[in-house]
Amino acid sequence: MRSSRMNQDRAQATPELGVVIPCFDEEAVLPALFEELTRFAQALPGKVWFLLVNDGSRDRSAALLDAQCDRDPRFAALHFSRNFGHQTAVSAGLAHVRGDVVAVLDADLQDPPAVVLQMIAKWREGYDVVYGVRQNRKEGPLLRACYAAFYRVMRRVANVEIPLDAGDFSLMDRRVVDLVNAMPEHNRFVRGLRGWVGFRQTGLPYDRAARAAGEAKYGFRKLFRLALDGLVSFSSLPLRLAAWLGLFASVLGFVLMLWALVAAFVSETTPPGWASTAVIVLFFGGVQLLMLGVLGEYLGRIFDEVKGRPHFVVAHRRGWAATDAAAR
Ligand code: UDP
Ligand code: MG
């Protein structure tokens, strides 16, 4: 009853839209981005608020952002004191943005703003999260294979629904944004947190454009970290793997022990045994180190959480009355 009335309200609503855009060394695309966003704002029936999070850019991005905020009162900028990483920038944006619905886009125009209009239509149908599903990728075959493998592994092992080929590009209802903001964790895998919240979520297929200008800021190392963050934050399967390997090793060890005993009693000449000893030592040495590494991944993250440092440091703010006096 209640939800159907709410959906009816939504069907007629013109929601205020907040847009969060993380930027790291994006001076090459920012002019095109501002132009595109201004055009997009004209196509929107309701109000719109753009929040650009400058993740410690070392180029002229900061000056360009501030100039845009001064030119257009719909723009605000949050400048980090250094590079804190994409997921942190998105999280900071979500914590400070205005709006009844909030979209997250990349600065490089790979996520076309026009698709947000279709996402709002889905929100009107009653969905709380509408995430973009990449239909094609412009990356090379190696990177594409890695992405495909990662999403499929995550789907099998994660304890939340993490849809295939969906990134951060999405539209969220205000209640989802508030819930994501309320999650205290430091290692933030935004698409996982978003999925964890639940409610009604749906995918919207779109063609992912090539980067409009500049270079990708995600090197292989950063992508690998992101993948590991996702895996470790949303699955304890790697830890359980240790138990399974342990079981396997125990059974194997027991069988070998029986064999060794029988061999010692039955055959005249006990085998010299160097090869088997070496193999066993090397194999279990490797397994133990691997499992220590897995433990370390979890331990390191627990350490990050326990230290309880702030997630980011803001150097300065511009626009929307210094972003609503630093929001909440
Ligand atoms: N980004 C960021 N901090 C970083 C790396 C990237 O805020 O440390 C931003 C970047 O400016 C862009 C978005 O995250 O808006 C996605 O980055 P990129 O285009 O390099 O990644 P890809 O599209 O290759 O996944
Ligand atoms: Mg990109």
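Just follow the structure's listing: the first ligand is 1, and inside any ligand the first atom is 1.
- Distances between N or O atoms of E215 and those of ligand 1 include no value under 3.5 Å.
- For H79 and D55, the side-chain atoms include no donor-acceptor pair closer than 3.5 Å.
- N187 and Q87 are not linked by any side-chain donor-acceptor pair at a separation below 3.5 angstrom, with hydrogens and angles left out of the test.
- The side-chain tip of R175 points at the ring of F199 from less than 6.0 angstrom away and within 45° of straight on.
- A donor-acceptor pair under 3.5 Å is absent between the side-chain atoms of E27 and the main chain of S57, judged by distance alone.
- Salt bridge absent: R134 and D111 never bring a charged side-chain N and a carboxylate O closer than 4.0 Å.
- Ring to ring, F34 and F50 are not that close: their centroids are 6.0 angstrom or more apart.
- Contacts with ligand 1 closer than 4.0 Å are made by side-chain heavy atoms of D55 only, the backbone lying farther away.
- Listed by atom number, the atoms of ligand 1 under 4.0 Å from A107 heavy atoms are 15 (O).
- Contacts with ligand 1 closer than 4.0 Å are made by no heavy atom of I21, backbone or side chain.
- Closest heavy-atom approach to atom 14 (O) of ligand 1 among the candidates H86, R208, Q110, E26: H86.
- No salt bridge links D304 with R309; every basic N to acidic carboxylate O contact stays at or beyond 4.0 Å.
- Close approach of ligand 1 to D108 is summarised as follows: ligand atoms under 4.0 Å from at least one heavy atom of the residue are 19 (O), 23 (O).
- Against a heavy-atom cut-off of under 4.0 Å, N83 is close to the following atoms of ligand 1: 3 (N), 4 (C), 8 (O).
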- Would you check, one step at a time, whether the test side chain to side chain donor-acceptor pair (under 3.5 Å) holds for Q68 with R71? CA-CA 5 Å; Q68 179 67 13; R71 228 180 350 248; 2.7 Å; yes
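- The set of protein atoms (N, O or S) found at less than 2.8 Å from the Mg ion (ligand 2) reads D108 OD2, Q110 OE1, by chain and number.
- Checked by atom type, the side-chain pair D173/Y127 shows no donor-acceptor distance below 3.5 Å.
- Ion pair R191/D168 flagged as a salt bridge, since at least one NZ, NE, NH1 or NH2 atom sits closer than 4.0 Å to an Asp/Glu carboxylate oxygen.
- Residue F24 has at least one nitrogen or oxygen atom sitting less than 3.5 Å from a nitrogen or oxygen atom of ligand 1, judged on distance alone.
- Among the atoms of G85, none of the N or O lies under 3.5 angstrom from an N or O of ligand 1.
- Taking a cutoff of 4.0 Å between a charged side-chain nitrogen and a carboxylate oxygen, R301 and E305 do not qualify as a salt bridge.
- Each of the following atoms of ligand 1 lies closer than 4.0 Å to a heavy atom of K222: 4 (C), 5 (C), 8 (O).
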